[in-house]
Amino acid sequence: MTLMQGSAVRSFVVARIASGLVSILFISFLVFLGTALLPGDAATAMLGQEATPELVESLRQALGLDQPLLIRYLDWLWDALHGDFGVSLSNGQPAMAMLLPRLENSLILAFSAAVIVLPLAISIGLFAAIKKGRPFDTMSGLVSALFLSMPSFMIGYVLIYVFAVEFRLFPAVSSVRASTSLTGWVWALTLPVLTLVLVAQSHVLKVTRAAVLGVMGSDYILMAETKGIPRIRIILLHALPNALSSIVSICMITMAHLIVDVVVIEAVFSYPGMGKLMVDAVAYRDIPVVQACGVLFSAIFVVLNMLADLLGVLVNPRQRLPRRGA
Amino acid sequence: MLSRIAVIGSLCLLSAMVLAALLAPVLAPVPPNEMVYPAYAAPGPGGVLGADGLGRDMLSRVLHGMRYTLIITFAATTLAGAIGVSLAIASGLLKGWFDILVGRAFDILMSIPHIILALIVLAILGVSMTTLVFTMAVLQSSTYYRVTRPIAGDLSAMDYVEVARLRGERLGWNLFREIFPNMVPSLLAQYGLGLSSATLFISSLSFLGIGIQPPAADLGGLVRENALALSAGRFTPLVPAACIALFCLSVNGIADWLVSHFSERPES
């Protein structure tokens, strides 16, 4: 029995990791095709319009551009795996060196938002499940649906209008650099973090509420109810442990989405993160920087989603077992 | 009762916005790209919503912006539905390697963040109305595939489809006469949700400057253009943003109603 259980988990883990890797490989190939499909290649760009065809051809050979597409992809992938995405077309710096400090800023932003939104939205969702059908449940559902209909930049600008323009409490532009003090960071991050919290909360709230209510339909809960155990005790001690795997998954999925949501929020607050770097690079068609940012964003997103699935299974003992009769 | 009011309200709002978008050239008091007022003219005699930084009438620009947003939204969502649904039905009927291949491709597509993928593709192909619509359509088609594929699998195992197959009818006939009509309710609800996410998506892209290019602007682009006015205490950038939110709210309201309406109906 234990052997079967172990091998079932192992094959699930292996399959899930493999599918995550396939996704990352796919995005890397797509990103690589970007350079391959662009009109003109590095050789013509380096030599200019005046170069003779023979000269261009010899440089192409020297650069390996005459190799088949697949070979060039593998070369590119090998370099990329070593953190070498080439140099930025706009300032000649290595794309990776431009990106790393920006990535750090983006992670700080997304992580601060996650630390606030997860406990907050999970407890509101839990409370809504306890008070199902009561005013609190209806109100929290309505408010969170309202935020879901708003574009994220609108939430950001409403916050700017209220807190930066009307009350002058926080800055409208969140400029930070390495030398910024801790209080400076908090001051600059408050509005963007608050925006991200409002963007992310509705999904977390909805899933928590649905997960708890889903468990509430089971027989053992009915049993507990007929025994006369108060509803709040049933939810916290009987339903919550079994809803845990959905909640752990949603935490990871929320982090994954927060990492991507920063792209728009950074543009609203001119925050120097990786999202802003990527958007600027797209506008200037600075392909190496776009490639590096694109691969990194996607990889983080894919890995966090993978963790969501893996942790969800590991937390729920029932999912660890092979399905009966299947 | 409350939900009925919400649906009727949503329908009114939606039709008003679609009408405003369709009739934008007639309704707009001045051409959207013409500089007719002093820069940042306050709301009042110089247009109901005032003017932007270049003295263009905000009301006219919002009406035309809505037109751009809705055209792209409807085009991309319809195309996405067509791609997703036809591939799902074909997979359900053909099964085998075609089914596996398409299924895997959509799995990959769904596992990658859409806005990042769109940024990469648009950086490579360049931004135009066509690339925008196609990129959005392909990205969104995965949801229609995911919704339709199980239904198509169930339905293609039904007796009446088998009978049609035995009658020697071709694949295309099977698709459109036997299978497709049975999926309309759930697809319609999905279409509604797709409209709202497509609107948010194109607005985000335009807001980032990767959507409709100036001097034309859709609702997201208008927010971008006028963001500076906000720091001066003007609310104008919030008007196009509010239009996006209202459109999504009304479309979501109708889609929610469709979902509950069709799921409540007893199966015959």
Side-chain angles (χ1 to χ4, degrees), chain A residues 19-20 22-27 30-31 33-35 37-38 145-155 157-158 160-161 164-166 172-173 256-257 259-261 263-264 267-268 275-276 278-287 289-291 293-298 300-302 305-306, chain B residues 2 6 104-105 107-127 196-197 199-210 219-220 223-224 226-235 237-238 240-253 256:
Chain A
S19 83
V22 168
S23 296
I24 297 177
L25 273 181
F26 170 81
I27 195 86
L30 189 85
V31 150
L33 271 185
T35 27
L37 289 179
L38 275 184
L146 188 70
F147 282 115
L148 200 63
S149 295
M150 287 188 202
S152 53
F153 54 82
M154 176 180 184
I155 301 178
Y157 280 126
V158 170
I160 288 182
Y161 190 75
V165 179
E166 285 294 319
V173 172
H257 283 275
I259 290 287
V260 177
D261 286 338
V263 174
V264 174
V268 173
K276 183 113 187 10
M278 181 172 186
V279 170
D280 291 343
V282 171
Y284 296 119
R285 301 188 82 173
D286 188 347
I287 300 293
V289 177
V290 175
Q291 289 176 322
C293 293
V295 169
L296 225 60
F297 265 126
S298 309
I300 296 175
F301 185 83
V302 168
N305 272 309
M306 196 166 79
Chain B
L2 200 68
R104 278 293 136 84
D107 279 351
I108 294 176
L109 203 59
M110 282 208 285
S111 71
I112 297 168
H114 283 182
I115 188 122
I116 301 296
L117 203 58
L119 285 177
I120 295 171
V121 171
L122 292 171
I124 295 168
L125 297 179
V127 178
S196 118
S197 64
T199 308
L200 291 179
F201 197 75
I202 179 63
S203 303
S204 295
L205 282 180
S206 295
F207 171 73
L208 294 174
I210 326 275
L219 294 174
V223 177
R224 176 189 173 82
N226 293 285
L228 270 180
L230 196 78
S231 313
R234 295 281 299 277
F235 65 95
L238 295 180
C243 290
I244 301 169
L246 286 177
F247 178 79
C248 293
L249 214 54
S250 61
V251 168
N252 279 339
D256 282 349

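To find a chain, count down the sequence lines: A is the first, B the second, and so on, and within it residues start at 1.
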Name the member of A:S298, A:G20, A:A267 that forms the most heavy-atom pairs with chain B at distances under 4.5 Å. A:S298
Return the option, out of B:T199, B:L205, B:I244, with the maximum number of heavy-atom pairs under 4.5 Å with chain A. B:I244
With a 4.5 angstrom heavy-atom cut-off, which part of B:V121 approaches chain A: side chain, backbone, both or neither? side chain
Using heavy-atom distances under 4.5 Å, tell me whether A:I259 contacts chain B through its side chain, its backbone, both, or neither. neither
Heavy-atom distances under 4.5 Å only: say whether B:R234 touches chain A with side chain, backbone, both or neither. backbone
Given a strict heavy-atom distance threshold of 4.5 Å, which part of B:I115 is in contact with chain A: side chain, backbone, both, or neither? side chain
Distance (rounded to the nearest 0.5 Å) between A:I24 CD1 and A:M306 CE: 7.0 Å
Under 4.5 Å from any heavy atom of chain B, what part of A:F301 do you find: side chain, backbone, both or neither? side chain
Looking at A:I27, A:L148, A:I160, A:N305, which has the largest count of heavy-atom pairs under 4.5 Å with chain B? A:I27
Quick check for you: to the nearest 0.5 Å, what is the distance between A:D280 atom CG and A:C293 atom SG? 10.0 Å
Need one label for A:V173: side chain, backbone, both or neither, based on atoms under 4.5 Å from any heavy atom in chain B. neither
To the nearest 0.5 Å, atom CD1 of B:I120 lies from atom CG of A:L33 at 11.5 Å
Proximity breakdown for B:L200 and chain A, heavy-atom pairs closer than 4.5 Å: side chain
Side chains of A:V268 and B:F207 in contact at under 4.5 Å (non-hydrogen atoms): yes
Against chain A, label B:F201 side chain, backbone, both or neither, depending on which of its atoms sit under 4.5 Å from a heavy atom there. neither
Which atoms of B:L208 approach chain A - backbone, side chain, both or neither, heavy atom under 4.5 Å: both
Using heavy-atom distances under 4.5 Å, tell me whether A:F26 contacts chain B through its side chain, its backbone, both, or neither. side chain
Check: A:Q291 side chain, A:V31 main-chain N or O, donor-acceptor pair, under 3.5 Å: yes
For B:R224 versus B:S206, what's the shortest heavy-atom pair and its separation? CD-O, 3.7 Å
